[in-house]
Amino acid sequence: MRERLGPDSVRAGLLFQRFEQTADGVRAHFLDRSNGHPAVEDADVLVGADGIDSAVRTQLHPDESPPTWNGVHMWRGVAHHPHVLDGRSIVVAGGTPGAKFVAYPIEDPTSADSDTLVNWVLELRHRSGHEPSAPPPEGTGRRVTAAEARAGLSSWQLPWIDLTTLAERSSAIFEYPMLDRDPLPRWSFGRSRSSATPHTRCSPWA
Ligand SMILES: Cc1cc2nc3c(=O)[nH]c(=O)nc-3n(C[C@H](O)[C@H](O)[C@H](O)COP(=O)(O)OP(=O)(O)OC[C@H]3O[C@@H](n4cnc5c(N)ncnc54)[C@H](O)[C@@H]3O)c2cc1C
């Protein structure tokens, strides 16, 4: 992107805080994480692409409730595993929310040895009868131990993939809540808009 737009077109390390619209543009206020100083950018338009907890969206829609959680957790890991079938196959097992396993290679199987790096996701329900609510109090990104993951995966019997290997070889396994947001009545206000981001933070696409 820098090559096409010029070296000054991308600035990293700025935490967006707020904006105001001016007569002929929009002014965005940031915190420069490298030195803690405020930073300001003037532009023709502002597009907020700052994720499900978007600060731009919060300013545009101050009364919006926090994302809701459907009671489903996702455990995610990455591990080397022998080729699944032809090494290019995607595993999608189950399908009911909270009872689903997905795994797919994330490196070219022809460039890997006998093992391929596999990204895997296990959905599991927090507890039955959970009603949609605000995100779980324990937050997001809890570390799941290999032993816990082995226990969670133990009820899955899939002939082409060794789930114990996946659990044991994953250098880190994290738990994410499946969050959602209701659609917004509008995205754009003058020169500012929040991006048409997918509603869910980390719902497996498969
Ligand atoms: C572990 C994991 C695996 C996933 N796997 C898949 C997958 O395989 N397939 C799939 O389709 N989806 C997947 N998802 C979901 C997918 O990542 C999200 O739906 C998608 O990234 C949302 O894109 P986004 O641009 O709206 O937000 P994000 O990708 O969340 O990007 C927001 C960016 O804004 C930055 N930011 C936040 N606040 C500020 C601020 N105040 N100032 C400046 N910058 C800020 C963040 O640091 C981040 O870089 C996965 C999600 C997770 C967590």
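All residue numbers in this chain count up from 1 along the given sequence. Read the numbers this way: they start at 1 and go in the same order the structure lists the ligands and their atoms.
The atoms of ligand 1 that sit less than 4.0 Å from any heavy atom of Ala49 are 32 (C), 33 (C), 34 (O). Listed by atom number, the atoms of ligand 1 under 4.0 Å from Leu15 heavy atoms are 40 (C), 41 (N), 42 (N). Every atom of ligand 1 is numbered from 1 in the order shown, and the set under 4.0 Å from a heavy atom of Tyr104 is 7 (C), 8 (O).
For Arg186 and Phe189, the positive end sits near the middle of the six-membered ring, less than 6.0 Å away and at most 45° from its axis.
Remark: Arg169 engages Asp115 in a salt bridge, criterion side-chain N to carboxylate O under 4.0 Å. We find that Glu41 and Arg27 are not joined by a salt bridge, their nearest charged nitrogen and carboxylate oxygen being 4.0 Å or further apart. Taking a cutoff of 4.0 Å between a charged side-chain nitrogen and a carboxylate oxygen, Arg76 and Glu175 do not qualify as a salt bridge. Of the charged side-chain nitrogens involved, none lies within less than 4.0 Å of a carboxylate oxygen, so that Arg150 and Glu148 do not count as a salt-bridged pair.
No part of Ser54 comes within 4.0 Å of ligand 1, judged by heavy-atom distances.
The closest non-hydrogen atom to atom 4 (C) of ligand 1, taken over Arg76, Arg18, Gln17, comes from Arg76. Evaluated by nearest non-hydrogen atom to atom 35 (C) of ligand 1, the leading choice among Asp50, Val121, Asn119, Asp53 is Asp50. Remark: among candidates Leu14, Thr58, Ile106, the nearest residue to atom 44 (N) of ligand 1 is Leu14, based on non-hydrogen atoms.
Residue contacts with ligand 1 leave out Ile52, since none of its heavy atoms falls under 4.0 Å from the ligand. Distances shorter than 4.0 angstrom do not occur between any heavy atom of Phe174 and any atom of ligand 1.
The environment of CG in Asp44 is sparse: at most 12 heavy-atom neighbours from other residues, nucleotides or ligands sit within 6.0 Å.
A parallel orientation is assigned to the rings of Phe101 and Trp120, their planes being inclined by less than 30° (bins at 30° and 60°).
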